[in-house]
Every structure is written in C-alpha cells, then in structure tokens.
Chemist: 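Here you go, one structure.
This chain uses plain numbering: 1 for the first residue, then up along the sequence.
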Amino acid sequence: MVDLLWQKPGVAVDAQIQRFLAGDDVVLDREFFLHDIAASGAHAEGLQRIGILSQGELDGLRRELAILADDFHSGTFVLDERYEDGHSAIEARLTERLGDAGRKIHTGRSRNDQVLVATRLWLKEKLARTAQLARAIAGVALDRARAEAALPLPGYTHIQRAVVSSAGMWWAGWAEAFIDDATRAADTLALVDANPLGTAAGYGVNLQLDRGHTTAALGFGRMQVSPVYAQLSRGKFELAALEALGSATLDLRRIAWDLSLFTSAEFGFVALPAQYTTGSSIMPNKRNPDVIELMRATHASVAAARTEIEHLLSLPSGYHRDLQASKGAIFHGFGRGLAALELLPALLANLEWRQDRLRAAIDSGMYATDVAVEAALAGVPFREAYKAAAAAADSAGQGRTPEGSLAARTSPGAAADLRLDELQARWDRLA
C-alpha cells in the first residue's frame, strides 16, 4: 500500500487493523472513482483561482486527471489493494506524475469531503436514471391502456374474483403509479443537488475557497452552505434517494406479483416472451417466470439498504467513520433496483393477454355489484339492494356482458372514463 497521509512517525500500521479500517473501500470506490476524478478537477480549478496552484500546475493536473480517467476506463489503471481508497489513489497517481503539484491537490480537503462530493454526484446520476426509467415504464403503460381500454379483465380484491375490470384500468393504474415514482425521483434529485465540495471535514478551512466556481463546474443546482449541515446531510440524502428508488421498486414488486399470478396455470391470463422464462433443472414440463420472481425480490435489497443507512444515522453531529458504510448500501440498493427497473419497460411492452382465459374467468357473481348499484339508482336503499344482489349473485350475469359492465362504469378514472389524457399531460411534463 502507498504511504498513508495520516500516518504518524514512529507509529507502525497494523496490517490487520488497516484491513478492517479499509474494508471494501477500494472495491466500492471503483463505482465512484470517475466522480472523484471530476470533483478533484473542479477542486484544482478552485485552488488555482485563489493562488494555491499556478496555471501551469492546474494544466498539468487537468491533463493527468483526464489520462487517469481514460486509463481507468480502459483497465490500464486498476484501483486495487495497493491503495487505501480511491482518493489516495488519485493523489498517489498525481504525485507520481507531477511531484509537488500532485501533492497540493489535497489542500483544503479531507477524505470525507472527497467521498461526500463523489457519492453526491453519483446519487444525482442514479436518481436521474430512476426518474427516466419510471417515465419509460409509465409511457408503456399509457400506450397499452389506450390500446386495450375495452379488453375485459377480471378484477380482484383479497385475491378473490370481485368485479369486471379491464386491461385499460390495470394499465392506467401502473401508468399513474410510475408517473408518481418519476416525480418523486426528480423531486429527490432536486433535494440532493447541493454541492458539499469545500466543506472539508465539516468545519470549513482557513482558505477563501471559490465554492461558487466548483458548484457551477460540477453542475450542482446550489451550494450546500453550512459545512456542519454537509455532514448532517450525509446519510440523510442517501436515505431520501433510496426512498425514491423504493417507491418504484415497491410498484415493481406489486406488478411482478400480478404477473406471477397471471402467468400461473391456475390463472393463465398472460403469456410472457420466452426470454423472460427459464427451464426447470429437474422438471422438463415447465418454464419458470424467473425474471418476474427476481423483480419481485428486488425491493428487499432496496429496503435493506435503506434500513442499513437509517441505523447508521444514530450519531451526534459531525463526521464519524461509521458513515463510510453508507457507500455499500447505496451501491447495492441502486445496483439491484435499477437493474430490475431496466428490464421492465420491454417486459410490459411485450407481454400478451390470453383473451380466452380472461373472458372465461368472468363469472356471474362478478356482475352483482352492477345489479346492486342499478337498483340503488332506481331508488332502492343501497343496503337492501346489496342484500338482494348477494342473494341472486349466481344469476346476476344473465343477459349481461363484460363490455356492458365496463361501459356503465362511468365514475372518473373507471373503465368508461379512464382520464388517460390527464395522465398523459402529467407524463408529458416529466420530460
């Protein structure tokens, strides 16, 4: 390992203790490394603006940071156990190539400052992707709601057959859900879009840092003013980001549950494209909906990440090494969550309804609510109408069709009045 910045003369570094302290920082920092390089470049520009670096030194640092980024992309440079973490690797590389100019890059910074700004940039990127995917999913659902607005679909409550519903209503529900998820991700992105660079370890430094410049250079929406709050927001912002992701993965879990049921032999409502299923390793007669089952499992990882960070935050104000553990949580939460959401738009676009099975599943009792409401419209008190409809549920479907039931469902948002234009307008505003 390269020399440690904080190592004191005469004090030996215990290898076992250092392995514990470093943990998986080097592995995790590979995920944030390019963001750390970008932030280091902005910090170097700020140092030049206040006279710490000459223009020539800044030019050299910019050049070497760009080369380092290219080398990391190509695999020429590997972030491995030679380094304590990504930040020390950057400094070591710059010192090796530029000497004193490389040693100056850490002026006015702490390692905590470095990881905070790198993960903040990373969170912005992941939240933008969450919003983008949620919008794409909602778009597929809107398109299919229009195309299949009148397709009858059994409606369930308590996983029991309840009323006649439609594919249009099913799709519209997911469209509105994921529009909300996209909105929440965008709102959370606006929350975390605050530049912590220049707050050091939470108390500022004895330099007139040009934090306005670094805020603009890194594309942040605003500067996080208080160094103390920069530390208080660490973990808090990560938690908010995971909660936004969790809104989408919660909806993903429920739509995956629907599809798990609908693809079963007992329901048989949906046929999945072959690539979304796998063969059994022991039962030659079946295909397994593994993709939707693993989608269903995804929210557990996001919830676990959120819980891990929530428990980390039982701390007083100021920086604490405990907070380093938040890196792993966001890496695993977003890694699993986004990977599942990436697959959902194409899955939804390509699933096929088995219309014969849908229609066969609509039994007479599913019209009983229509009978009760019609009686109430004719002046019968609803309690009496309800009891009469219940008693005659077995014959409620006589002379009725699913299409007729759907055409009479005129409450706002129901099958005969889906209000898809309103959802479309909200979807358009997400762009």
Chemist: Give a yes or no on whether the ring-centroid distance for Tyr83 and Phe33 is below 6.0 angstrom.
Modeler: no
Chemist: For Trp171 and Asp143, does a side-chain donor sit closer than 3.5 Å to a side-chain acceptor?
Modeler: no
Chemist: Just how far is it from atom CD1 of Ile309 to atom CG of Leu242, taken to the nearest 0.5 Å?
Modeler: 5.0 Å
Chemist: Any carboxylate oxygen within less than 4.0 angstrom of a Lys/Arg side-chain nitrogen, looking at Glu45 and Arg62?
Modeler: yes
Chemist: So is Lys126 actually on top of Phe331's ring, under 6.0 Å and inside 45° of the axis?
Modeler: no
Chemist: Evaluate Tyr156 against Phe267 for ring pair (Phe, Tyr, Trp, His ring centres under 6.0 Å), listing each step before the verdict.
Modeler: CA-CA 12 Å; Tyr156 292 83; Phe267 283 74; 5.6 Å; yes
Chemist: Say whether Ser233 and Arg120, considering side chains only, have a donor N or O and an acceptor N or O under 3.5 Å apart.
Modeler: yes
Chemist: With rounding to the nearest 0.5 angstrom, report the CE to CD1 distance, Met295 to Ile292.
Modeler: 8.5 Å
Chemist: Count the heavy atoms belonging to other residues, nucleotides or ligands that lie under 6.0 Å from OH of Tyr386, then report whether that count exceeds 12.
Modeler: no
Chemist: State whether a side-chain donor-acceptor pair under 3.5 Å links Thr410 with Asp417.
Modeler: no
Chemist: Given side chain to side chain contact (heavy atoms under 4.5 Å, CB included), test Asp36 with Asp29 step by step and report yes or no.
Modeler: CA-CA 9 Å; Asp36 201 344; Asp29 282 354; 5.9 Å; no
Chemist: Counting only heavy atoms from other residues, nucleotides and ligands, does the tally under 6.0 Å from CZ of Arg222 exceed 12?
Modeler: yes
Chemist: Looking at Gln275, I want to see if its CD is surrounded by more than 12 non-hydrogen atoms of other residues, nucleotides or ligands under 6.0 Å.
Modeler: yes
Chemist: When you compare the side chains of Arg336 and Thr298, does any donor N or O come within less than 3.5 Å of an acceptor on the partner?
Modeler: no
Chemist: Heavy atoms, side chains only, cut-off 4.5 Å: are Leu252 and Ile137 in contact?
Modeler: no
Chemist: Under a 3.5 Å cutoff, is there a donor and acceptor pairing between the side chains of Asp370 and Ser405?
Modeler: yes
Chemist: Answer yes or no: is there a donor N or O on one side and an acceptor on the other, between the side chain of Arg287 and the main chain of Thr277, under 3.5 Å?
Modeler: yes
Chemist: For a quick test of your reading: what N or O donor-acceptor pairs under 3.5 Å do the side chains of residues 67-79 make, sequence neighbours left out?
Modeler:
residue: Asp71; atom: OD2; partner: Arg93; partner atom: NH2; Å: 2.5
residue: Ser74; atom: OG; partner: Asp70; partner atom: O; Å: 3.3
residue: Ser74; atom: OG; partner: Asp71; partner atom: O; Å: 3.1
residue: Ser74; atom: OG; partner: Thr76; partner atom: N; Å: 3.3
residue: Ser74; atom: OG; partner: Thr76; partner atom: OG1; Å: 2.9

Chemist: For residues Ser166 and Ala415, report the shortest heavy-atom separation together with the two atoms involved.
Modeler: OG-CB, 4.0 Å
Chemist: Roughly how far, to the nearest 0.5 Å, is the OG atom of Ser88 from the CZ atom of Arg82?
Modeler: 11.0 Å
Chemist: Should Val192 and Lys124 count as side-chain neighbours, where that means a heavy-atom distance under 4.5 Å?
Modeler: yes
Chemist: Taking 4.0 angstrom as the limit, do Glu403 and Arg359 come out as a salt bridge?
Modeler: yes
Chemist: Verify the distance criterion only: is there a donor paired with an acceptor across the side chains of Arg419 and Gln424 at less than 3.5 Å?
Modeler: no
Chemist: Would Arg321 and Asn112 count as having a side-chain donor-acceptor pair, cut-off 3.5 Å?
Modeler: no
Chemist: Quick one: pull up CG in Leu151 and CZ in Arg144 and give me the separation to the nearest 0.5 Å.
Modeler: 9.0 Å
Chemist: Would Arg129 and Glu342 count as a salt bridge (charged side-chain N to carboxylate O under 4.0 Å, His left out) here? Give the steps.
Modeler: CA-CA 9 Å; Arg129 185 59 178 153; Glu342 293 270 3; 2.7 Å; yes
Chemist: About how many Å separate CG of Leu28 and NE2 of His332, when rounded to the nearest 0.5 Å?
Modeler: 6.0 Å
Chemist: Between Asn195 and Thr214, do the side chains contain an N or O donor and an N or O acceptor separated by less than 3.5 Å?
Modeler: yes
